[in-house]
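Proteins get letters first, then strands, A, B, ... in listed order; numbering begins at 1 in each.
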Protein chains: 6
Amino acid sequence: MPFINIKIAGELSRDQKKQIVEEITDTMGRVANKPKQYVIVNFDETPEENWGWGGALLDGNG
Amino acid sequence: MPFINIKIAGELSRDQKKQIVEEITDTMGRVANKPKQYVIVNFDETPEENWGWGGALLDGNG
Amino acid sequence: MPFINIKIAGELSRDQKKQIVEEITDTMGRVANKPKQYVIVNFDETPEENWGWGGALLDGNG
Amino acid sequence: MPFINIKIAGELSRDQKKQIVEEITDTMGRVANKPKQYVIVNFDETPEENWGWGGALLDGNG
Amino acid sequence: MPFINIKIAGELSRDQKKQIVEEITDTMGRVANKPKQYVIVNFDETPEENWGWGGALLDGNG
Amino acid sequence: MPFINIKIAGELSRDQKKQIVEEITDTMGRVANKPKQYVIVNFDETPEENWGWGGALLDGNG
């Protein structure tokens, strides 16, 4: 706690996840005054076909 | 925003996702007065084994 | 199941919620072949101050 | 309704899911006075690489 | 981690929340082999008007 | 998309939310290569009584 869930279209590399976790944990610790050991981040990676935006699927195939 | 997350047991075809996105976006635009370009839909497809209902798993194998 | 969570900035009237539930349930039943009695919809209404888009808060006060 | 979402690092066996669903449904029925047939449980299993805790990824590879 | 989110129509007393947290933490520790100190539970209480089931709002006013 | 949901015990000030949105949007743009205009952040603030950690409620009243 806090618990941060990141839903993203497509996939991230392990290095991207590692850096995002480091930066968001730093942000939550510094700005929200939450001890870093209590900051939890979770990634949900789903294919672009599973996203709609403005009425169309994100995968862009019509 | 609005953000609509749909959790479903099993999988949908791309055509089903496309039509659901079109219809829900239309509903949110027309009923909730939200511009269509701001309506986001995200599907989470998980196996029936990952659902419990009334105390039993949905996959029905005892 | 399916479970549909709608996160929205601001509030909806009861009539808007009622119509959205009717239309989304109809969509899920007709397009995804899910029995209507199993379609669940849940609204999360949060103030515009609790939304960020493109790096700024939605409430538009700088 | 109630709807219980369980996010977990790694995977559970079907037997573990079955027992967790039974026990949580019993808890919600007995403590929260909700009819068991309305208790829904959903599992999200994601790899340890998709979890950050205290600023580091859970998979422990530096 | 694990992270358990409980969405419920209406409100629970503090005693109900306390007992549910105790029991679910016990279940996750015993059945899923997760150390109890890593089990997090979060309650989302929303009014019955914010729930649709089978195409109608849960608050039952037509 | 990406969609970032932040669940937090207690409340944040508007200034804290503003800065968190700015920093997380910057992180997602720079590290995940997502255009900033597509980064959405949503805060769920719930009372400490609604959080369990390690089997006890976060509000610490026994």
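- Taken from CG in Leu12(A) to CD in Glu49(D), the straight-line distance is 9.5 Å, to the nearest 0.5 Å.
- From Leu58(D), atom CG reaches atom NZ of Lys17(A) across 12.0 Å, with rounding to the nearest 0.5 Å.
- Neither the backbone nor the side chain of Ala9(D) comes within contact range of chain A; no heavy atom of the residue lies under 4.5 Å from a heavy atom of that chain.
- Here the CG-CD distance, from Leu57(D) to Gln19(A), works out to 11.5 Å after rounding to the nearest 0.5 Å.
- For the atom pair CG (Asn42(A)) and OG1 (Thr46(D)), the distance works out to 4.5 Å, reported to the nearest 0.5 Å.
- With rounding to the nearest 0.5 angstrom, the CH2 atom of Trp53(D) is 10.0 Å from the OH atom of Tyr38(A).
- For a residue to count as touching a neighbouring chain, one of its non-hydrogen atoms must lie under 4.5 Å from one of that chain's; by this rule Asp26(A) does not touch chain D.
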